[in-house]
J.: 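Structure below; questions to follow.
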Amino acid sequence: MIHKTVKISYATPGVAGIVCLVLLLASQTPAQAQPNFDPSRIGSPPAGQSAQSERFPELPEQEAVPEAASGEPEPQESGAAEDVPAESPPEDESPDESSPNGYEEPLFSSNVPDTLTMTMSVGSGVEFDFRKAWYASEAQIFTGIYEGLFTYNPMNMRPVMGVISKYEISSDKKQWTFTIRENARYSNGDPVAAEDFRSSWLSLLAIPDAPYSSLFDVIEGAKDFRVGNLTDPDQVGIQVKEGKLIVTLASPAAFLPSMLCHHSFSVVHPDTRAMLDSGGLDPQKFISNGPFIITETDEQHVAFERNPLYWDALNVKLKKIIIKFIDDDDEATALWNSGEARWIAGSMNLDTLTDRAGIQLNPMFATHYYFIRSDVAPWNDYRVRRALALALPWNEIRANYILPAETLVLPLQGYPDIEGMAKTDIDEALRLLADAGYPKGAGLPELVVKIGDYSEARRIAEIMAAAWLEKLGVPVKIKMVSPYNYSDSLKDHDYQVASMSWIGDFADPYTFLLLFRQDSNLNEAGYRDQDYEDLMQKSMTEEGAPRMNTLAQAEKLLLDRGVVLPIYHTPALNVVDTNEITGWYPNMLDIHPFKYLGFALLRPLPGVALAPKN
């Protein structure tokens, strides 16, 4: 997922010290942090404590995907146990058939707020069609209105079953059969059907510029279908039989449950899909299968109300959520200071923040990097790109960061260490240019570096431009655009070097390396390298340590051939008081499913009685 540019302001030394101290603690190397550092454990309870707590009603054990020793979720084999509701009615009471799904409305304490207002930075706007969306802010919004086969555990982002009650895997681990919950319904009362998933996924594959369509390449025939080599959808490994969704993979993929948590694998009601296909969005006609429904939206906000027909409505704490789209840091902070907004997810001014106890900063499975487009000469010659990378003063470029990145992928447990991009070698850079036919840069065209118009991006671009001109003789032009339109502008391809902040879609190197597959819709670098393709394809036939070794080789190729210039691993910064808001946990993807959020029960001091709210 792309992380949109947000504005974080602070000038006061005291505030800077607080932020830097938190960053310093968050930036410990794996060895410093804990002996067996695993980013997927970010947000998990301390060792020896259960994930279950009074503040978070953890899904029952039957719903959690078992974890294998390798750290990958271990799929359930054929004959897996049936699912049970997260909370069943008392045995001596019959379900009330007049209420949604046969259960009573959940009770809300008169002393607990039931409406959450938050701010979010969205820049140029929000795409409500999950098939076309690619920003992290949209992924957060989708946790309220869509639900797929699997969803994220809010503490550690591990997969838990969503719309399905069970799944089975064939002995060759290539065919997955999913059973949809009998009580899974849309907000209009229609049942969620396996055919809805099939038609939703096929419709995404039919959209030429769907950003995440390449995630489906693990499915048999999906790649050929989306690139036009296959026209018959019946030849794609997404089928329905006896009311069950059957997915056939091109090769085994143990990470499938984690990947299916991603919003691109959601389901949409046929009527809503038709509305979205027409380019419109009428909140009154948007049919949701998630825990909330859209009640109103415009350029300034979106409002959700609890979906009474959601299969797990009993465990949805909030009645209403109001998301205000605010890019101005002072305006967002003022809403927090006034008490109106209880979560800032985006721009903020830390100087004017009156209650700093809500600052939440944690490492993410994310990297900010520059890339060199390699689809046109002379930049399609890896020797030229490698020379550009070797000429850069990396220590100076990364000097301002607590989490400097020499590799694209944040270190993961079980993923081999590789030599990153750290050294400067001008002699070798000049030799490579000469070998490519450009001695001392002679004959190279002007290199355009495209950046967002903010101070840190300008600093880095100016260092790069000076090094390339002074050390290699390469002329450079810096092109600046509005930070809020920057990500969208990358589609224009009017540059050779640009930057991106990418958040992994699940805890696997594949989510980063997929960006550079030659047929990926996310391949802004235009990278085409058969050696890289062969390694990525080989990884699709492997599991465990051999697979990780192959993916590490692929990443090393990206670095050695000068496609990726890593700068830093991105931390997540939010303002939310977790003593007030329950169900919100720092985690590696910075996604906080709305389903689990609620307000803590207010407990009066001894001898003090709380008056009921009006």
Side-chain angles (χ1 to χ4, degrees), residues 57 59 63 83 85-86 100-101 103 105-106 114-116 118 120 126-133 135-154 157 159-165 178 180-194 196-197 199-201 204 260-273 275-276 281-297 302-323 583-584 589 591-598:
L59 294 175
E63 292 211 354
D83 175 60
N101 290 329
Y103 296 111
E105 289 275 323
D114 54 26
T115 299
L116 171 66
M118 64 173 291
M120 180 181 290
V126 174
E127 173 60 72
F128 285 93
D129 187 341
F130 71 84
R131 301 169 300 172
K132 302 174 182 178
Y135 292 112
S137 54
E138 292 159 343
Q140 176 62 49
I141 289 173
F142 294 159
T143 68
I145 55 178
Y146 295 110
E147 184 168 278
L149 304 177
F150 292 88
T151 65
Y152 295 111
N153 180 309
M157 297 287 97
V160 293
M161 286 190 280
V163 171
I164 60 172
S165 59
F178 301 96
I180 308 299
R181 297 177 185 274
E182 292 184 1
N183 62 342
R185 303 181 192 177
Y186 292 101
S187 54
N188 70 342
D190 291 345
V192 178
D196 296 340
F197 275 93
S199 58
S200 295
W201 292 5
L204 182 149
L260 291 177
C261 293
H262 191 267
H263 63 258
S264 60
F265 294 93
S266 298
V267 64
V268 62
H269 189 280
D271 292 349
T272 299
R273 186 170 70 250
M275 176 181 66
L276 294 172
L281 177 65
D282 183 347
Q284 304 305 316
K285 296 181 180 179
F286 191 99
I287 302 170
S288 166
N289 82 309
F292 294 88
I293 59 175
I294 301 175
T295 55
E296 55 186 72
T297 185
V302 63
F304 295 159
E305 287 186 3
R306 193 172 60 86
N307 177 7
L309 295 183
Y310 176 59
W311 69 269
D312 197 25
L314 279 172
N315 285 316
V316 178
K317 308 297 185 299
L318 296 170
K319 283 188 175 180
K320 187 173 183 179
I321 298 173
I322 301 171
I323 306 173
W584 195 105
L589 301 185
I591 292 178
H592 310 276
F594 285 126
K595 168 181 178 175
Y596 301 104
L597 302 186

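What you see below is based on every heavy atom in this structure, not just the backbone, and it leaves out hydrogens, waters and symmetry mates.
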J.: Under the 3.5 angstrom rule, does the side chain of Lys317 hit a backbone N or O of Asn315 as a donor-acceptor pair?
T.: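 Judged by distance alone, yes, a pair lies under 3.5 Å.
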
J.: How close do Glu147 and Tyr310 get, counting heavy atoms only, and between which atoms?
T.: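 Smallest heavy-atom distance, with atoms named: OE1-OH, 2.5 Å.
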
J.: What are the two closest non-hydrogen atoms of Ser288 and Gly144, and how far apart are they?
T.: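 Between these two residues, the closest heavy atoms are OG-O, 4.4 Å.
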
J.: Walk me through whether Lys285 and Asp271 qualify under side-chain contact (heavy atoms from CB on, under 4.5 Å).
T.: CA-CA 8 Å; Lys285 296 181 180 179; Asp271 292 349; over 6 Å; no

J.: For Ile164 and Ile180, which heavy atoms make the closest approach, and how far apart are they?
T.: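 For Ile164 and Ile180, the tightest heavy-atom pair comes out as CG2-CD1, 4.1 Å.
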
J.: Side chains of Leu276 and Arg131: closer than 4.5 Å at any heavy-atom pair?
T.: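 Contact flag for Leu276/Arg131 side chains = yes.
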
J.: Does the side-chain contact (heavy atoms from CB on, under 4.5 Å) test come out yes or no for Met275 and Leu281, once each step is laid out?
T.: CA-CA 7 Å; Met275 176 181 66; Leu281 177 65; 4.1 Å; yes

J.: Applying the side chain to side chain contact (heavy atoms under 4.5 Å, CB included) test to Val302, which of Val126, Thr297, Ile145 qualifies?
T.: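 By the side chain to side chain contact (heavy atoms under 4.5 Å, CB included) criterion, Val302 pairs with just one of Val126, Thr297, Ile145: Thr297.
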
J.: About how many Å separate CD1 of Ile294 and OG1 of Thr272, when rounded to the nearest 0.5 Å?
T.: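 CD1 of Ile294 is found 9.0 Å from OG1 of Thr272.
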
J.: Report the C-alpha distance between Phe304 and Leu318 in whole Å, list the side-chain angles of each, state the deciding distance to 0.1 Å, and finish with yes or no for side-chain contact (heavy atoms from CB on, under 4.5 Å).
T.: CA-CA 10 Å; Phe304 295 159; Leu318 296 170; over 6 Å; no

J.: Got a second to check how far Ser137's OG is from Ile591's CD1, nearest 0.5 Å?
T.: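 Nearest 0.5 Å value for the OG-CD1 distance: 10.5 Å.
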
J.: Would a 4.5 Å heavy-atom cut-off, applied to side chains only, mark Thr151 and Pro593 as touching?
T.: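 Answer no - side chains too far apart.
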
J.: Could you check whether any side-chain heavy atom of Phe178 comes within less than 4.5 Å of a side-chain heavy atom of Phe150, counting everything from C-beta outward?
T.: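 Side-chain contact under 4.5 Å: yes.
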
J.: Within this structure, what is the CZ-CD1 distance for the pair Phe292 and Ile141, rounded to the nearest 0.5 Å?
T.: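 Between Phe292 CZ and Ile141 CD1, I get 13.5 Å after rounding to 0.5 Å.
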
J.: Taking ring pair (Phe, Tyr, Trp, His ring centres under 6.0 Å) as the definition, give me every residue that meets it alongside Phe142, ordered by chain and number, with sequence neighbours left out.
T.: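 Testing Phe142 for ring pair (Phe, Tyr, Trp, His ring centres under 6.0 Å), a comparison that skips the adjacent residues, returns Tyr146, His263.
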
J.: So which heavy atom on Lys595 is nearest to which on Trp311, and how close?
T.: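 Result for this residue pair: NZ-CZ2, 3.9 Å.
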
J.: Taking side chain to side chain donor-acceptor pair (under 3.5 Å) as the test, write out the residues that go with Tyr186, two or more places apart.
T.: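 With sequence neighbours excluded, Tyr186 shows a side chain to side chain donor-acceptor pair (under 3.5 Å) to Asp196, given in chain and number order.
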
J.: Is there a donor-acceptor contact under 3.5 Å from the side chain of Arg306 to the main chain of Ile321?
T.: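 Looks like no, no N/O pair under 3.5 Å.
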
J.: Is it the case that the side chain of Trp584 and the backbone of Gly598 share a donor-acceptor pair, with hydrogens and angles ignored and the cut-off at 3.5 Å?
T.: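 The answer is no, because no donor-acceptor pair under 3.5 Å joins these two groups.
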
J.: Would you compute the distance between atom CG of Asp114 and atom CD of Glu305 and round it to the nearest 0.5 angstrom?
T.: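 Reported to 0.5 Å precision, the distance equals 10.0 Å.
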
J.: Mind listing the closest non-hydrogen atom pair of Ser200 and Phe130 along with its distance?
T.: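 Distance-wise, the nearest heavy atoms are CB-CZ, 4.4 Å.
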
J.: Within the structure provided, determine whether Ile287 and Ser187 are in side-chain contact (heavy-atom separation under 4.5 Å).
T.: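 Touching, per the 4.5 Å side-chain cut-off.
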
J.: I need the Arg185 CZ to Asp190 CG distance, nearest 0.5 Å.
T.: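 Answer for the CZ-CG pair, Arg185 versus Asp190, is 10.0 Å.
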
J.: Does any non-hydrogen side-chain atom of Ile323 lie less than 4.5 Å from one of Phe594?
T.: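 They are in contact (side-chain heavy atoms under 4.5 Å apart), so the answer is yes.
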
J.: Are the side chain of Gln284 and the backbone of Thr295 linked by a donor-acceptor contact shorter than 3.5 Å?
T.: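 Yes: the side chain of Gln284 pairs with the backbone of Thr295.
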
J.: Looking at Met161 and Arg181, what are the two nearest heavy atoms and their distance?
T.: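 Reported closest heavy-atom pair: O-NH2, 3.6 Å.
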
J.: Would a distance-only check, ignoring hydrogens and angles, find a side-chain to backbone donor-acceptor pair under 3.5 Å from Gln140 to His592?
T.: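 Yes; judged by distance alone, with no hydrogens or angles, the pair exists.
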
